[in-house]
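Numbers restart at 1 for each chain; the letters A, B, ... are given by sequence-line order, proteins then strands.
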Protein chains: 2
Amino acid sequence: MARVGLSTERLVRAGAELADEVGFEQVTVSELARRFGVKVASLYSHVKNSQDLKTRIALFALEELADLSADAVAGRAGKDALTAFANVYRDYAHAHPGRAAAARLRLDPETAAASAGVRHAQMMRAILRGYDLPEPDQTDAVRLLGSTFHGYASLEGAGGFSHSSPDSEESWTRILDALDSLLRNWPAR
Amino acid sequence: MARVGLSTERLVRAGAELADEVGFEQVTVSELARRFGVKVASLYSHVKNSQDLKTRIALFALEELADLSADAVAGRAGKDALTAFANVYRDYAHAHPGRAAAARLRLDPETAAASAGVRHAQMMRAILRGYDLPEPDQTDAVRLLGSTFHGYASLEGAGGFSHSSPDSEESWTRILDALDSLLRNWPAR
DNA sequence: TGCATTTGCCTAAGAGTTTTAGGCAAACTA
DNA sequence: TAGTTTGCCTAAAACTCTTAGGCAAATGCA
């Protein structure tokens, strides 16, 4: 029988592409097998089960996103760094809606702790150094930024901001302005 | 054959409870039938299909949430109104994680336009009247608030903020302080 | 009250996804 | 070149979703 050359790696990559095409929810072991022209059972040598596949796609997306962010942020500081970071996030969600949804998958604590999610948090902390926040406030700010970027991408992906003015692009820019302003004038406890 | 007294209403309610117990993703026509001690096919007289069921649960949650918010906001203004509104959202996500997830379901545009989601937006606009923002900025602010609340509840539900200090409760309060401050000092275009 | 209609839940059945177990041949390895 | 590993296969069971058609309980009407 002709060997197709499956591997966990290739399955995850193809799964990510599939997610972008049909939505992360619709990613299925069967569909993936179909795309490789292979029987479903064959995938189970490379992936534990359906949940495992999805988790791997999520981890892949988080990694990819962290790499892009790190590149974008390098050599920048302050608002420049903030917008670069935020735009990577949003651009990624536009270019790869399925992977972005995957990156929002609920991971169990250990998996999450070992994921590139921690790099994201570290980068945000690095960006916040340009704003000079005292320690406990820094964590609050990281959470605010994470929530906002995450939430915006999610709502925008769900079509929440289409069909009304101002267009989403402009709101996004304005929101980044507002967040920058907020970080520069963070209220005292 | 004993009639159980199914109805779309009861199915949706039970579906919402099921979602809170096992997660919105795990809500299934089969499981719901099992809970009613009824054959699966019987549900199809009351609900078009699985997607229809989920959409109805989402609409139900949005409605419930809008009712709670309206109550909470009534008679309040400014920061008072803002925190009341935001807390309803977060408390709801804690008490009913499945319904909260349902409320984040992607709806098609017409369904969304007819949903209680528009009441949410209107309430946010009403709250913003206390902050005196010029018109285009108001929309930006609504989107910022929506994204942040949405994102925070989502990340918190995914366990993103557990196991690190300050605890999530405190960050939430501080974030509301910060957003209030931001709205009072909204940067000019 | 008796009859017709509607309605609620049923059985049957087909299609799709997930997962496990065991087999055969191709590809490495010595 | 023989032995081992590995990759993909077939088979089969369990589950979910969905449609079609049937019977009996509930309801409405004379």
Separation of atom CG in B/Leu43 from atom P in C/dT7, rounded to whole Å:
18 Å
Can you tell me how far P of C/dC9 sits from NZ of B/Lys39, to the nearest Å?
14 Å
Residues A/Arg174 and A/Asp177 bridged, charged N to O under 4.0 Å
yes
Once you round it to whole Å, what is the distance between P of D/dG7 and CG of A/Leu11?
11 Å
List in chain and number order the residues that pass side chain to side chain contact (heavy atoms under 4.5 Å, CB included) with B/Ala33, two or more places apart in sequence or in another chain; answer none if no residue qualifies.
B/Val40, B/Leu43
Sequence-distant partners of A/Glu31, side chain to side chain contact (heavy atoms under 4.5 Å, CB included), two or more places apart
A/Leu18, A/Thr28, A/Arg34, A/Arg35
Apply ring pair (Phe, Tyr, Trp, His ring centres under 6.0 Å) to A/Tyr89 and list each qualifying residue two or more places apart in sequence or on a separate chain.
none
Assign a letter to each nucleotide of nucleotides 12-18 of chain D from its 5' end: B, base within under 4.0 Å of a protein heavy atom; S, sugar-phosphate only; -, no contact.
----SSB
Do any pairs count as a ring-ring contact (aromatic ring centres under 6.0 Å, His included) and have a residue in residues 3-60 of chain A, sequence neighbours left out, and if so which ones?
none
For B/Tyr152, all residues meeting ring pair (Phe, Tyr, Trp, His ring centres under 6.0 Å), sequence neighbours excluded
B/Phe161, B/Trp172
Looking at C/dC9, D/dC9, C/dA25, which one has an atom nearest to any side-chain atom of A/Val38?
D/dC9
For a quick test of reading the model: is some side-chain N or O of A/His46 closer than 4.0 Å to OP1 or OP2 of D/dC8?
yes
